[in-house]
Amino acid sequence: MHKPDFILLAVVIILFFIGLLMIYSASTATANYRGLNSSKYFTGQTIRTIIGFIISILIIIFMKHKWLEKYAGLMLVISWFLLLLPWSPFGVIVNGARRWVNIMGLQFQPSEIARFTLVVYIARYLAHNKDCVRDLKNGLIPLLSVVGVTTLLILLEPDFSFSLLVIVITIIMLILARIPTKYLTTMLLIGTLLFGILALATPYRVERIKAFLLNDQASPKNRYQTIQSLISLGSGQITGMGLGQSQQKFFFLPEPYTDFIFAILGEETGFVGTSIVMILFLLLLYRGVVIARNSPDMFSYYLTTGTIGFIFVEAMINIGVVTGTLPVTGLPLPFISYGSSSQIVNLLSMAVIINISRHTVKKKLSALENNIQEPFRNEVKINYVPQY
Amino acid sequence: MKDAVEIQKRQGFILIRFFIILVFIYIIKLFYMQVINYKYYYEKAKDNMLKTDYSSAPRGKILDRNNKMLADFFLSYQLVVIPQKITNNPDVLSSIAKMTNRINLDEVAAILNDVKNPLNPVVIYTFIDTFSVKKGNKQRDEEMAFLHKIWQSQNEYPGIEIHKVPLRSYRYPENLCHVLGYVGEITAEQLIKLNLDNPNLYIPGDQVGRSGIEKQYEDKLHGKRGRSSKLITAKGRHLTSETIVESAVPGKDLVLTIDVDLQNAAQTALENRFAGTVIAMNPKTGEILALACTPTFNANMLSRGVSVKLWKAISQDPLHPLLNRAIQAAYPPASTFKVVTAGAALQARLISPFEMLKPCTGRYRYGDRLFYCWEKTGHGGNLDLNKGMTYSCDIYFYQVAERLGLERLTEYSKLCGFGFLSGIDIPYERRGLVPSERYYNLVFGKGNWGRGVSLNLAIGQGEMLVTPIQLITLFSGIANDGVVVQPHVLKEIRFQGKLEEKFIPKTYHLPFSKQNIQYIKEAARRVIAAKNATGKEARIKGLETAGKTGTAQNPHGPNHAWFVGFAPVNDPEICVVVFLEHGIAGGTYAAPIFRKVVQSYFALKNKRIKDGSSANYLAGDKEVQTGI
């Protein structure tokens, strides 16, 4: 055991800090309009972040990641149960989607919990069944059915883009587990087909994709969000209009403090701000890779890559939407966007990674290239340490 | 097997590289948007913030030379939608549409889909002219009830507003339709074109001139809207009280050279028996006193939005009511062209006015072709210029044409203004056609046409095409002793009652000497005054007139009839051309119309002298600069 990865910790704290700043700026207009205290969203987010940080510190100091490994299956089953809750009287329907549960004033999104427990479960599965990715019948299919059930439950909410994200992360983890190319291509094909059909079956998704592909020819009504988002980014110029000076947040840009907060960031802090955030996410990825490379065992290896990968991919999709590179989806920007469950889960999962970073074993770069199974050797060594 | 493992191992690295590249692609994209191309977005962001309220500026009035109102405006109501407010309450539109059957939801949706700035109002319906349509009209009553309903409960329909707008109204919608033209709602293309220099000059729903004076002087007539822009949020609340204000400037008023009483007289004289045109012009000043065309259309109806049915009826009418025959239709000039033939021959010293040419026997041999006179039995006896003109003898002019030749003939007709725009300030004028040797070579092929064409041209038949305005320009030049003044309809431009600009016409000289023009004038006088002359129907007691008849052979039906002339001969005040499509014969049908118009001109003049307001007729005489 040694010191945690302070760089990663710093990156997370800076991102949270930027997020709180942007939420304060972007949410006041909406809060005022809804007749709430203008700093309501900011206060809520700050309190959650502080509570999250306190729990995180406890996790970083006291948690053993073996616990997660041990109870991975149980946690997944519990989160499946939670995913069913929106259909119970506890469910809260927002805009026709059952994504929220309200138990005695405590509101949360079960899908956010499920995505973490699923990553934990996949990590355990891949770590425990060494060659499972090569064994279709006893390895891949059971794993994929577990992923499938989780995805289906999320899809039913419905939360299309989130379930797509879950699939992407599963595939990334399988790639890291050295899944044979033929299985990978088949999976990609089937997945593309299924999600393609699902996307085309709903008119508003078709509209969004059309608006994205046709670009300028599409009716401005369907492109409204993207257009407004680009206007926000572009009008920020190099150094931005200054904190709190965004004009687009006055209802020109929809969702200014959740999905499109990056656009407000671009408007208020300009290219300097946006590129700093991009670099912070890149740094997050880099530190994640370093921790994974030096991870003490296979479970923590997969857990780190899965968690970091999830956050990174989610961020990239969100920024892709905001910069008009991808069609409009409903994914928030991790750490920065306003949101209770995603915020807590992101924070706690990062705490787990930082906890793992305390147990890393320094390896040469070539170790990873020569033998990806190096962590196992460590485990063996640890087992042979004489007990005094 | 080892290779496969290598590939799998690399997948993880490829993944990381892919992520890194992705981040840099985003950074490059952000750099492009925020550092290189920021201006584009910055401008759009400004647009987002500004809500502009427009106050309307009425179009300039149009007056006749005696300050009689020809076109002004009435206040109309328009149903207007603020797209941003509607998107939040889509039911409002459908509940509005339920109240009346005059709003098509699909059309409105199409309009709203194309909106650029969702904060600026969009006109979705213009109410009927409640001032000119009397009470008791079913449509009017329905609309007024609808209007009041919305007015009373405007709070229930957020995003729907009723605006009061000044719309064009014509006092003589039928009689002046071809001079004034009509207006219509601005199209998307025009909006871009007209707003090139001044981005806020026009907004959707504005009226622009579609034809006639309205189009020609659009830049003068169009008023400048008042604007007040406020910085606001997308939900419509004001961020600051800071406003940019520009006050409305009404359009400039136009005073025309048209005398509306004479115009009405001309229109009455034309009747609706023929499709045709009458132009009356002051030969000394180039002022068009009347320009009547039949058939007419109702400019008020066309200006207030035409139904598809009405538009079809107008545009597919075989008589083409939208066609301004005075300037847009070109016909063979027929015998009226003999003036040019004679003038050219005199000027080239190929004939003398008193020279007797070979007698008319009804036919004339040129080469191996026989050319006939319109009088099949012949005019008998030898003819000089005066007689040749008086009886419009074709044989006389065949002989003149033989001396002239094709080249000289076409050259002189071009110098007389044929084949060129007369320069009248009404848009879409046509040039007509003066066929030259090159033209015949092109159409018939080299060597496939005979020199005989010049004989046909000399009497105004054949391929030559002239517009009535070209012909009257020529004759007013003759009346004015060779000086042609550019015909024009605009007299002056006034702004808020003050004279701002006067129309100064250009002039040029006919290619004939003063003496030769005197010969032609004398001949033209005899066309009306002589015994049994072709133009005797145009004779007016106590007034010396000169003119020329014309009957254009028309292979597609009855002949076209021409009459063009001026009065009085010694000091011409008015020059009139009459053209009747399928008018059968110039002397019989066109000449009486000329007489009526000239008579009503002098009747009006005498009446005005009596009333002491003759100044308008004489004004401007001295201002015209007579150039070469």
Side-chain angles (χ1 to χ4, degrees), chain A residues 29 33 133 172 175-181 184 219-222 224 227-228 230-238 240-241 247-254 266-267 270-275 278-279 281-282 285-286 289 292 305 309 312-313 315-316 319-320 323-325 368-372, chain B residues 3-16 18-50 83-84 87-88 109-110 112-119 231-239:
Chain A
Y33 183 73
V133 286
I172 287 174
I175 289 171
L176 293 173
R178 302 194 293 174
I179 181 171
T181 316
L184 181 67
S219 105
K221 208 173 159 192
N222 293 331
Y224 182 76
I227 290 170
Q228 294 300 335
L230 295 182
I231 288 174
S232 301
L233 280 175
S235 53
Q237 305 175 31
I238 300 176
M241 308 180 94
Q247 299 190 323
Q248 290 290 100
K249 67 186 176 191
F250 290 103
F251 315 108
F252 293 102
L253 181 66
E267 194 184 353
F271 178 68
V272 174
T274 50
S275 48
M278 294 303 304
I279 287 164
F281 275 109
L282 200 60
L285 180 74
Y286 168 69
V289 170
T305 50
F312 185 78
V313 171
M316 289 304 109
I319 293 167
T323 53
T325 324
L368 188 69
E369 277 178 359
N370 288 339
N371 190 354
I372 204 158
Chain B
D3 288 345
V5 171
E6 282 293 313
I7 290 165
Q8 287 153 13
K9 209 191 276 179
R10 250 178 225 149
Q11 281 170 342
F13 288 95
I14 289 169
L15 211 62
I16 287 165
F18 168 74
F19 283 152
I20 292 169
I21 290 167
L22 193 68
V23 168
F24 280 103
I25 287 174
Y26 282 161
I27 290 181
I28 289 164
K29 188 156 185 188
L30 286 166
F31 184 79
Y32 177 74
M33 283 197 296
Q34 298 190 291
V35 180
I36 296 172
N37 203 15
Y38 72 89
K39 230 175 181 164
Y40 171 78
Y41 300 104
Y42 187 68
E43 289 300 314
K44 279 197 158 182
K46 258 195 191 160
D47 256 16
N48 254 354
M49 299 304 301
L50 290 177
Q84 177 65 36
T87 42
N88 298 338
L112 290 180
N113 246 342
D114 289 336
V115 166
K116 273 191 200 141
N117 186 346
L119 295 169
L231 281 174
I232 56 143
T233 70
K235 305 234 157 154
R237 290 188 313 161
H238 299 255
L239 270 186

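Below, read A as the first sequence line, B as the second, and so on, with proteins coming before strands; counting in each chain starts at 1.
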inquiry  = Using the side-chain contact (heavy atoms from CB on, under 4.5 Å) criterion, which residues pair with A/I279? Sequence neighbours excluded.
reply    = B/I27

message = Test side chain to side chain contact (heavy atoms under 4.5 Å, CB included) on B/F24 and A/M278; report intermediate values, then the result.
response = CA-CA 8 Å; B/F24 280 103; A/M278 294 303 304; over 6 Å; no

key: Top contributor to chain B contacts, counting heavy-atom pairs under 4.5 Å, from A/T274, A/I172, A/T305   = A/T274

query = Can you tell me how far OG of A/S232 sits from CE of B/M33, rounded to the nearest 0.5 angstrom?
reply = 10.0 Å

message = With a 4.5 Å cut-off on side-chain heavy atoms, are B/V23 and A/F312 touching?
response = yes

ask   = Between B/Y40 and chain A, which part of the residue has a heavy atom less than 4.5 Å away: side chain, backbone, both or neither?
value = neither

message = Just to verify, what does B/I25 make a side-chain contact (heavy atoms from CB on, under 4.5 Å) with, not counting sequence neighbours?
response = B/I21

key: Rounded distance [0.5 Å steps], CD in B/Q34 versus OG1 in A/T323   = 10.0 Å

task = Grab the two heavy atoms, one from B/F19 and one from A/V313, that are nearest each other, plus how far apart they are.
result = CZ-CG2, 3.7 Å

ask   = About how many Å separate OH of B/Y38 and CG of A/L233, when rounded to the nearest 0.5 Å?
value = 16.0 Å

Contacting moiety of A/L285, where chain B heavy atoms sit under 4.5 Å = side chain

task = Would you please test B/I20 and A/Y286 for side chain to side chain contact (heavy atoms under 4.5 Å, CB included) and show each step?
result = CA-CA 9 Å; B/I20 292 169; A/Y286 168 69; over 6 Å; no

query = Would you say the side chain of A/T325 lies within less than 4.5 Å of the side chain of B/K29, judging by non-hydrogen atoms?
reply = yes

Contact class of A/F281 relative to chain B, heavy atoms under 4.5 angstrom = neither

